[in-house]
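Treat the numbers as computed from the prediction; the structure is a model and nothing was measured.
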Amino acid sequence: MKKITWSVAALLIAGTTLFGQANMTEYEKQQEELKSFEYQVDDIIDMVRMDMYYGFLSQDKGMFYINNMVKLKSRNRDIMADLWKRRSITLGEHQAKLK
């Protein structure tokens, strides 16, 4: 009976570890995509500022575009925070199941 109990326990631990690693890989991929998006938004803001500086774009229109890009960047950070929160909850649930 002890062998069966230890076997079941070993399988459960292995299963939750593999599940956690799969989620970690997916989480890291999503995080990299969100960071990439944020860097692209920064590049676009810099381009708009350069166009404003050289006179290709009026100050009013340029600031309108920059303000909208900053809102997008803020939304992106909210998504990243929500992703982290869901990941932390998931890890906490797995730890609770192991105890």
Side-chain angles (χ1 to χ4, degrees):
M1 188 68 174
K2 281 189 175 184
K3 287 184 180 181
I4 293 173
T5 306
W6 283 107
S7 298
V8 171
L11 286 173
L12 287 174
I13 291 171
T16 55
T17 304
L18 289 175
F19 181 73
Q21 289 174 352
N23 282 344
M24 186 64 170
T25 308
E26 182 180 321
Y27 168 76
E28 288 174 355
K29 182 180 175 185
Q30 289 176 344
Q31 187 179 24
E32 289 301 318
E33 288 177 8
L34 290 170
K35 285 181 183 178
S36 172
F37 178 76
E38 188 166 342
Y39 293 138
Q40 289 173 353
V41 170
D42 286 338
D43 290 342
I44 292 171
I45 290 172
D46 289 341
M47 289 180 217
V48 170
R49 285 187 177 145
M50 284 177 28
D51 285 348
M52 287 170 45
Y53 179 78
Y54 289 113
F56 298 121
L57 190 62
S58 69
Q59 294 289 323
D60 293 336
K61 284 185 180 179
M63 289 309 295
F64 174 76
Y65 295 139
I66 289 173
N67 287 335
N68 283 324
M69 286 291 144
V70 169
K71 288 178 187 175
L72 274 176
K73 194 173 175 181
S74 174
R75 174 87 170 107
N76 185 48
R77 287 188 180 170
D78 291 343
I79 292 170
M80 286 174 63
D82 185 48
L83 181 64
W84 174 257
K85 180 179 162 185
R86 282 189 279 142
R87 179 183 173 270
S88 297
I89 290 170
T90 304
L91 288 175
E93 289 171 354
H94 287 304
Q95 289 174 352
K97 287 179 185 177
L98 291 175
K99 291 181 181 179

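- A search for side chain to side chain donor-acceptor pair (under 3.5 Å) contacts involving Q30 returns nothing, not counting sequence neighbours.
- Going from atom NZ of K29 over to atom CG of L34 covers 12.0 Å, rounded to the nearest 0.5 Å.
- By the 4.5 Å heavy-atom criterion applied to side chains, I66 and V70 are counted as neighbours.
- By the criterion of side-chain heavy atoms lying less than 4.5 angstrom apart, applied directly or through intervening Ile, Leu, Val, Met, Phe, Trp or Tyr residues, L83 is not grouped with F37; the two fall into different hydrophobic clusters.
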Side-chain atoms of residues 39-58: list all donor-acceptor pairs with protein atoms under 3.5 Å, sequence neighbours left out, distances to 0.1 Å.
| from | atom 1 | to | atom 2 | distance (Å) |
| --- | --- | --- | --- | --- |
| D42 | OD1 | K73 | NZ | 2.5 |
| S58 | OG | K61 | N | 3.3 |

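- Note on M80: it does not cluster hydrophobically with M69, by side-chain heavy-atom contacts below 4.5 Å among ILVMFWY residues.
- Side-chain N or O atoms of D82 include none that pairs as donor or acceptor with a backbone N or O of D78 at under 3.5 Å.
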